Amino acid sequence: MNIGILEYDKEIAYQLTEVINVSCPHNQIKVWEQESSLKEDISNGGFYKILFLSLEKNPMEIIEYSRRLQELYTDVKIIYLTELNDSVFEVFHSTPTYVLEKPLNIGYVKKALDKAMHELSLSKDKNFTIINKQGIYTIPYMKIYYVESDKRKLNIYGEDGLVKTINLKISDFLKYEHGIYFLQCHKSYAVNLMHISQLEKYEIVLENGMKLPISQSRYMDTKSHYVSYLENE
């Protein structure tokens with residue numbers, strides 16, 4: 001999953017990056033020091049599930065941009081970073097998940113991140129959409145049980161078996177929803193957390209009876225993520 005940070009203060013950006021790396025490992029983090037860089041990135045196809053946005057400069061423009069962004073992508077979670085001023089009251093013209101006061105309190109940063117991740121985990125009616133030279137494919141996440149990497153192709157499996165094969169690396173697939181719906185339990189497999197029936201040592205049993213391997217090196221991480229998912233259900 002991609003997480004973006006717009007922050008003009010490098011020290012604050014570093015603090016946020018450290019908290020995210022500890023609380024939500026394996027996510028892709030992008031930091032912008034200018035509002036124009038953020039807008040250019042997103043206009044060029046950059047997609048971020050969680051955005052930390054500083055209101056230090058041009059707060060009204062940032063808030064309005066956030067509002068329009070959430071109209072296009074309803075499940076984007078916005079976390080504002082601000083000092084106590086008039087912009088605090090303006091943030092609710094958009095739909096923020098959290099408002100963090102500067103200077104940052106690390107405990108509140110973790111709470112904001114946890115809340116955003118939890119809200120995203122509840123969006124089970126969302127679709128996986130991929131646009132490439134083959135066409136446009138949309139598959140509800142609920143119907144995907146797991147994906148399998150086959151060189152540069154990705155096999156998508158549902159309850160009754162193979163659903164679709166597309167030209168996509170598993171690492172690119174995981175950028176969309178990693179840590180929300182899917183967890184990579186093996187170099188060749190990513191499993192949908194919603195369809196795990198049982199987790200045993202080095203093996204996952206799905207609701208349809210299928211079994212997937214867990215790499216020895218990924219076992220503790222897989223177990224930790226699945227326990228966290230169950231706690232938030």
Side-chain angles (χ1 to χ4, degrees), residues 1-35 37-39 41-42 46-126 141 175-182 193 224-225 227-233:
M1 183 180 69
N2 293 336
I3 298 176
I5 301 171
L6 171 65
E7 177 51 61
Y8 310 98
D9 186 316
K10 291 184 178 180
E11 179 60 30
I12 292 177
Y14 175 78
Q15 290 176 349
L16 289 170
T17 301
E18 287 292 290
V19 173
I20 294 169
N21 282 331
V22 172
S23 301
C24 305
H26 312 301
N27 290 287
Q28 303 294 318
I29 304 172
K30 182 67 175 288
V31 178
W32 307 279
E33 295 182 6
Q34 299 295 331
E35 178 188 344
S37 300
L38 158 68
K39 292 180 177 179
D41 189 324
I42 292 179
F47 184 68
Y48 300 88
K49 281 290 187 178
I50 300 175
L51 286 171
F52 288 83
L53 302 177
S54 173
L55 299 180
E56 182 180 338
K57 300 178 182 179
N58 305 319
M60 299 302 105
E61 291 183 20
I62 292 293
I63 292 167
E64 175 58 21
Y65 180 74
S66 300
R67 185 190 64 77
R68 288 188 278 110
L69 196 62
Q70 288 181 315
E71 288 179 350
L72 292 173
Y73 308 104
T74 56
D75 55 346
V76 171
K77 303 304 172 186
I78 304 293
I79 299 172
Y80 290 118
L81 310 164
T82 183
E83 297 178 351
L84 289 176
N85 53 43
D86 292 342
S87 65
V88 171
F89 301 100
E90 298 293 334
V91 298
F92 297 104
H93 289 170
S94 57
T95 311
T97 290
Y98 215 97
V99 179
L100 292 169
E101 181 186 354
K102 293 182 179 181
L104 293 181
N105 179 304
I106 299 303
Y108 288 138
V109 174
K110 291 179 180 178
K111 286 184 179 180
L113 192 57
D114 287 345
K115 185 180 179 185
M117 296 293 284
H118 179 59
E119 289 179 359
L120 286 170
S121 72
L122 299 177
S123 304
K124 296 179 180 178
D125 59 337
K126 301 301 180 184
Y141 283 111
K175 289 178 182 178
Y176 287 86
E177 293 300 334
H178 184 79
I180 301 300
Y181 301 106
F182 293 89
L193 293 164
S224 174
H225 275 75
V227 170
S228 178
Y229 170 78
L230 292 176
E231 288 176 347
N232 288 322
E233 273 291 275

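From a predicted model like this one, the values you see are computed outputs, not experimental measurements.
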Ignoring hydrogens, what is the shortest heavy-atom contact between [X] and [Y]? Give both atom names and the distance.
{"X": "Ser23", "Y": "Lys110", "result": "OG-CG, 4.0 Å"}
{"X": "Tyr8", "Y": "Gln34", "result": "CE2-CA, 4.4 Å"}
{"X": "Asn58", "Y": "Glu35", "result": "ND2-OE1, 3.3 Å"}
{"X": "Leu81", "Y": "Leu6", "result": "CD1-O, 4.4 Å"}
{"X": "Thr97", "Y": "Ala112", "result": "CG2-O, 4.4 Å"}
{"X": "Pro59", "Y": "Leu55", "result": "CB-O, 3.6 Å"}

Answer whether the closest heavy-atom distance between the side chains of [X] and [Y] falls below 4.5 Å.
{"X": "Glu7", "Y": "Lys102", "value": "yes"}
{"X": "Lys30", "Y": "Asn2", "value": "no"}
{"X": "Leu51", "Y": "Ser66", "value": "no"}
{"X": "Phe52", "Y": "Ile3", "value": "yes"}
{"X": "Tyr65", "Y": "Ile42", "value": "yes"}

Between Asn21 and Thr17 (side chain of the first, backbone of the second, donor and acceptor by atom type, cut-off under 3.5 Å), is there such a pair?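 Yes.
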How long is the straight-line distance from CG of Leu100 back to CD1 of Ile79, given to the nearest 0.5 Å?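 Going from CD1 on Ile79 over to CG on Leu100, the span is 6.5 Å.
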Point-to-point distance, once rounded to the nearest 0.5 Å, from CD1 of Ile62 to OH of Tyr80: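 Taking CD1 in Ile62 and OH in Tyr80, the distance rounds to 8.5 Å.
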Run the numbers on Ile5 and Ile12 for side-chain contact (heavy atoms from CB on, under 4.5 Å), then give the verdict. CA-CA 10 Å; Ile5 301 171; Ile12 292 177; over 6 Å; no
Cationic N near anionic O, under 4.0 Å, Glu71 to Arg68: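 Not counted as a salt bridge, because no side-chain N and carboxylate O are separated by less than 4.0 Å.
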Test side-chain contact (heavy atoms from CB on, under 4.5 Å) applied to Tyr14 - qualifying residues, sequence neighbours left out: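 Tyr14 satisfies side-chain contact (heavy atoms from CB on, under 4.5 Å) with Glu11, Glu18 only.
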Once side-chain contact (heavy atoms from CB on, under 4.5 Å) is applied, do any residues pair with Glu33, and if so which ones, sequence neighbours excluded?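 By the side-chain contact (heavy atoms from CB on, under 4.5 Å) rule, Glu33 matches Lys10.
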Under the criterion side-chain contact (heavy atoms from CB on, under 4.5 Å), I'd like the reasoning laid out for Ile50 against Ile20: C-alpha separation, chi angles, the key distance, then a yes or no. CA-CA 11 Å; Ile50 300 175; Ile20 294 169; over 6 Å; no
May I ask you to check whether over 12 heavy atoms, not counting those of Lys39, lie within 6.0 Å of atom NZ?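 Above 12, so yes.
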Specify whether Trp32 and Tyr48 have parallel, tilted or perpendicular ring planes, treating 30° as the upper limit for parallel and 60° as the lower limit for perpendicular.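 The arrangement is perpendicular - the two ring planes meet at more than 60°.
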